[in-house]
Amino acid sequence: MPAKPKATAKAANPEPKATPPDAPPVTVGERSKQRYYQTNPVERRFEEVGFPGLTPAEKKTYTHARLILPVANRQVSLSNKTDREYWKQVTKEGLPCRRLKNNYNWGTDKHGRDISTYRIDELKKRSLSQAKLTALNVLHQQFLLKREAARSKGAKLPQEDIDQEKQRRQEMAVLKRELYGEIPGPLANDPEWDDVIPIPQEESQDALARIAYPDDYAEAVSYLRAVMASEEYSPRCLRLTERVIAMNPGHYTVWLYRFKIVSALKLSITDEIQWLNDVALDHLKNYQIWHHRQLLLDHHYANTLSSDAEAAKQFAKSETDFISKILSKDTKNYHVWSYRQYLITKLDYWSPFELATTQSMIEDDLRNNSAWSHRFFIVFSDPSISTKGSASTEHDPKVPDAIIDREIAYAQEKIKLAPQNQSSWLYLRGVLAKGGRGLDTVGEFASQFFSNLGAEDEEVTSSHALDLMSEVYHKQGDIEKAKLCLKELSEKWDPVREGYWKYRLSELK
Amino acid sequence: MSASDAEAPKLDKARHIKYWQRCHKTFLPTAYTGSDSTRLTFAFFIISALDILSVPLTAQDRAAVRTWVLSLQHPDGGFCGSPTHAMAGENASKGSANIAATFFALILLGMAAETEEEQRSAYAGVDRKAVLLWLRKLQRSDGSFGQVLWEGEPTGGRDTRHSYLASSIRWMLRGSVQKGDENWVEDIDVERMTEYIRSLQTYDGGIAESSTEESHAGYAYCAISALSLLDRHPDTTADTKQAMDSGIADRTKLLKFLAHRQFKYLSNTEAIASDGGTGENYLEAKLGDLSLDGERAYTGFNGRWNKKADTCYTWWACSMFRLLDADYVYDAVPTGNYLLDITQHIIGGFGKAVGEPPDIYHSYLGLATVGLIGGHDLKEVDAGLCCSKDAARKIEMAREGLLESLKKQSEQRGGWGADEFWGKAAEMVKVK
């Protein structure tokens with residue numbers, strides 16, 4: 001047996017008497033260099049003056065120090081006896097056989113910075129973090145083993161352990177990010193998701209319309225893809241859909257998937273609606289939100305509301321309350337108005353309240369065409385006074401005259417307030433068509449918005465009245481007057497639509 | 001020529017090219033994450049804008065379009081909206097195809113072809129039969145279409161966007177294959193589709209999601225364009241007006257609705273009022289307020305009655321006038337002025353309205369409208385497909401090329417029908 005090298009004790013004390021003491025190193029690299037010189041005597045002198053420039057003593061040390069290396073490194077093997085002699089000599093002379101190498105490679109950090117340029121305290125901090133991460137990793141491995149063991153017995157780990165592991169992974173994530181720039185997302189850090197292998201989306205270098213996804217989104221989507229593929233419907237998946245929806249509410253299948261979870265787990269529809277309210281307020285222009293709501297309504301109706309009139313009424317009330325709230329933020333939101341119609345039809349909620357809310361919205365803004373349009377629906381689609389399936393443009397004999405009269409009066413009242421408002425005139429025409437009444441029945445009313453047509457002192461306060469009267473005159477056979485209306489519109493009162501009025505003129509015969 | 005004509009506003013083509021090249025070559029900002037499901041749509045806007053601007057793509061870029069688009073094809077028919085919705089390998093059928101994505105994918109494949117040979121094989125790799133059968137499954141009994149098949153059922157709105165997309169996809173892939181031909185695939189119910197669209201006209205003559213809802217120029221465009229594509233014949237025989245005639249309940253009222261989407265845009269006042277709170281309503285011009293001579297006139301378009309002007313509605317309205325042969329209803333000059341002076345952005349692209357930054361959607365539809373109106377050194381634009389006429393022609397070539405190759409394949413099978421061949425070989429073996 002070769003003697004164990006015991007050189008450390010004395011080799012650590014080599015001779016450099018000539019060199020002045022170094023200034024304490026600032027960076028890790030400087031310290032390495034100093035240590036290198038400390039363990040390689042005469043090396044610095046050698047670098048400075050070359051071999052011929054060394055003193056004889058230095059030459060001897062330098063040569064001996066080199067000569068011993070092949071044996072110390074076991075490149076040359078000696079007989080037992082010679083080996084013993086060798087080590088005796090090395091120890092006696094204090095020859096340095098344990099020597100640090102030059103240009104130690106410290107590697108780079110996450111920013112690509114050479115660690116040898118770190119200050120000593122920076123490295124110390126980094127090493128501490130690495131040690132801490134290693135320790136945490138040991139505990140993490142323990143957790144995995146413990147869980148595996150529990151699972152094989154069909155048991156579960158206590159919540160306390162899971163909570164600790166969650167905490168641990170958060171700490172590990174912070175450390176990994178700090179040390180190596182790794183960004184393990186929140187799901188990878190959650191033991192609850194350990195059994196899911198995420199399926200990241202494939203993204204080639206020359207893919208089109210690439211988006212700078214936030215890290216959390218890319219992670220959440222890769223887990224979503226995995227659970228949707230394995231058709232898992234569970235509370236954790238419900239929470240996952242929420243994560244994805246918050247970042248991409250336009251995701252066209254996450255909503256369908258979410259609905260599937262809600263129905264599979266028989267979750268409370270009102271809770272889901274409550275949650276949806278906040279999402280809707282955050283994303284006013286999103287379409288999927290309202291489609292989801294419609295699915296929830298259908299589901300709720302089939303399971304509960306269809307057989308419980310009181311619950312249906314309650315639900316309709318709370319829904320219309322929320323709709324009013326959201327419409328106060330965006331009075332013409334198409335999806336919201338669409339859903340409102342769907343709700344009313346589905347729950348048969350043709351209440352005077354509905355007419356009243358539309359009315360107050362029109363009063364707030366006479367030009368809110370969405371509100372006018374809704375009023376038309378409320379009045380003329382109400383099954384108690386209308387024919388099912390009657391087209392919006394056609395006469396419906398079932399609608400009582402009183403209602404037609406009421407609506408004509410309503411439109412006329414609003415027209416007088418704003419004669420140039422398109423919505424109220426269109427409404428008036430729509431009501432007349434529903435009532436099977438000719439435009440001539442409002443000829444007198446329309447005539448008040450212009451005077452002295454064709455004369456020098458012609459006055460017009462509503463171009464829509466002129467348009468309507470051109471049709472009335474035409475029907476009455478007064479082509480010249482009809483033409484005059486269109487001519488005045490084209491040339492004087494509504495020239496932006498000159499082409500349209502001229503086309504109308506050309507159609508007059 | 002008056003002074004104002006001489007100084008007519010110009011399309012800053014170089015800036016638009018820069019804008020679209022930036023969209024093409026760099027990551028879209030994080031804010032687009034909410035549009036992650038419609039990346040194929042954005043890819044279409046980008047590639048098609050460069051096409052309208054006559055910026056040629058390199059062979060590598062064109063190959064990349066093909067590879068990427070085909071990677072989004074779903075094994076059961078259709079294309080997925082983005083890599084988020086597409087799955088690879090054995091999970092492929094767990095992805096989710098979308099009707100809009102399929103429309104944009106097919107246009108992109110056509111657009112990425114350059115030489116005639118490339119054009120004829122642009123649809124190689126598209127499973128025509130699967131797409132057409134999938135399209136059939138997306139149609140509901142009322143004639144409307146869903147956007148996605150979910151557990152075998154069409155889901156999503158019943159609005160005309162889906163009818164339009166279905167009609168376009170059908171035009172792009174179906175061709176004039178007759179019943180009894182090898183490549184015959186059961187068609188969608190065209191009659192129901194037409195009837196359904198017909199039922200959507202509202203009391204004011206417009207078209208809405210349903211006849212009781214608020215009329216909307218976007219839904220109207222989709223309805224009219226869907227009908228026009230049903231009428232567009234795949235072979236050289238003249239187009240008919242059959243679907244257009246039976247799918248529009250009241251053309252006069254519809255024209256009136258469309259004519260009123262335009263209004264005199266009061267530039268100064270709206271710019272000031274945009275943060276002053278006039279809300280959603282446009283500013284009514286004072287009745288009979290004529291422009292002074294030489295003053296530049298602007299025509300803005302809105303999508304619904306009494307709403308503000310928006311760049312995209314110049315497209316939805318003006319292209320509809322084209323489809324209805326009713327260009328006389330609007331004046332192209334002040335319309336172009338509005339786009340070029342008011343919403344064209346200094347960094348390229350178009351904003352939604354005055355003072356708004358450009359975004360991909362409005363930039364594309366603004367550019368397409370300028371191309372539709374004509375001039376400004378842009379390619380001519382196809383009002384029905386919303387891409388250049390050049391691209392539309394390539395798509396026709398792609399379809400014919402695909403049908404030809406399918407025919408060849410079936411002929412080969414007919415002559416040396418696989419079953420027959422192996423059957424005979426087996427017999428011969430037995431005899432020996």
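Just so it is clear, the structure is predicted and the values come from calculations on it, not from any experiment.
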Less than 4.5 Å to any heavy atom of chain A: does that hold for the side chain of B/Arg304, its backbone, both, or neither?
side chain
With chain A as the partner, which of B/Glu151, B/His260, B/Lys253, B/Lys25 has the greatest number of non-hydrogen pairs under 4.5 Å?
B/His260
So what's closer than 4.5 Å to chain A heavy atoms on B/Val65: side chain, backbone, both or neither?
both
Which region of B/Ser199, side chain (C-beta onward) or backbone (N, CA, C, O), has a non-hydrogen atom less than 4.5 Å from a non-hydrogen atom of chain A, or is it both or neither?
neither
Please flag which part of B/Pro29 lies under 4.5 Å from any non-hydrogen atom of chain A: side chain, backbone, both or neither.
backbone
In terms of the angle between their ring planes, are B/Trp305 and B/Phe257 parallel, tilted or perpendicular, with boundaries placed at 30° and 60°?
perpendicular
Under 4.5 Å from any heavy atom of chain A, what part of B/Leu255 do you find: side chain, backbone, both or neither?
both
Pick from B/Cys23, B/Gly81, B/Gly156 with the largest number of heavy-atom pairs that fall under 4.5 Å of chain A
B/Gly156
Given the ring of A/Tyr287, does B/Arg161 sit roughly above its face, with NZ or CZ under 6.0 Å from the centre of the six-membered ring and within 45° of the axis?
yes
Which bit of B/Asp61 comes within less than 4.5 Å of chain A, counting heavy atoms only: side chain, backbone, both or neither?
neither
Region of B/Asp36 in contact with chain A, defined by heavy-atom distances below 4.5 Å:
both
Quick check on A/Ser222 against chain B: is it the side chain, the backbone, both or neither that has a heavy atom closer than 4.5 Å?
neither
Quick one: is the NZ or CZ of B/Arg261 closer than 6.0 Å to the six-membered ring centre of B/Phe301, and within 45° of its axis?
no
For the interface with chain B, which of A/Leu426, A/Val431, A/Ile199, A/Thr461 has the highest count of heavy-atom pairs at distances below 4.5 Å?
A/Leu426
Given heavy-atom pairs under 4.5 angstrom as the criterion, report whether the side chain, backbone, both or neither of B/Phe321 touches chain A.
neither
Which class fits the ring pair A/Tyr334 and B/His216: parallel under 30°, tilted 30 to 60°, perpendicular over 60°?
perpendicular
Does B/Tyr338 have its ring centroid less than 6.0 Å away from the ring centroid of B/Tyr298?
no
Which class fits the ring pair B/Phe42 and B/Tyr32: parallel under 30°, tilted 30 to 60°, perpendicular over 60°?
perpendicular
Which bit of B/Ser35 is near chain A, if near means a heavy-atom gap under 4.5 Å: side chain, backbone, both or neither?
backbone
Examine distances only and state if a side-chain atom of B/Arg251 and a backbone atom of B/Leu324 form a donor-acceptor pair shorter than 3.5 Å.
yes
For the residue pair B/Trp20 and B/Tyr364, categorise the inter-ring angle as parallel (less than 30°), tilted (30 to 60°) or perpendicular (more than 60°).
perpendicular
Tell me, for B/Ala208 versus chain A, whether the close heavy atoms (under 4.5 Å) come from the side chain, the backbone, both or neither.
both
Among the listed options A/His291, A/Gln294, A/Gln288, the residue most often paired with chain B at heavy-atom distances under 4.5 Å:
A/His291
Strictly below 4.0 Å, N to O, side chains only: are B/Lys352 and B/Asp359 in salt-bridge contact?
no
